[in-house]
Colleague: 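Attaching a single structure in structure tokens format; questions to follow.
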Amino acid sequence: MLWSDPDDKPPEDMRTMQAMIHRAGLIMAVAAVIFMIVTGLDFR
């Protein structure tokens, strides 16, 4: 850590951006699973 850093927490905008990236990753994972299920059902 640098001596100028007051604490361990990132700034607020970085935290919100990380939360948005995390949510987008979860949504992409769920969408990929749903896409695989739908394409699997189409081939029957």
Side-chain angles (χ1 to χ4, degrees):
M1 293 295 287
L2 295 173
W3 61 87
S4 59
D5 291 339
D7 53 6
D8 223 3
K9 289 185 261 186
E12 184 66 35
D13 55 349
M14 188 176 289
R15 273 183 285 172
T16 55
M17 187 166 56
Q18 284 175 345
M20 279 174 47
I21 291 171
H22 185 68
R23 272 183 298 223
L26 288 176
I27 291 171
M28 288 292 289
V30 170
V33 170
I34 291 172
F35 178 75
M36 283 189 275
I37 290 171
V38 168
T39 55
L41 290 176
D42 280 342
F43 288 127
R44 285 189 196 172

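Quick caveat, the model's predicted, so the values are computed rather than measured.
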Colleague: Begin with the C-alpha distance, continue with both residues' side-chain angles, and end with the deciding distance and a verdict on side chain to side chain contact (heavy atoms under 4.5 Å, CB included) for Gln18 and His22.
Modeller: CA-CA 6 Å; Gln18 284 175 345; His22 185 68; over 6 Å; no
Colleague: Cluster question for you: counting only ILVMFWY and a side-chain heavy-atom cut-off of under 4.5 Å, with indirect links fine, are Phe35 and Ile27 together?
Modeller: no
Colleague: Please determine whether residues Leu26 and Ile34 belong to a single hydrophobic cluster, defined as Ile, Leu, Val, Met, Phe, Trp and Tyr linked transitively by side-chain heavy-atom distances below 4.5 Å.
Modeller: no
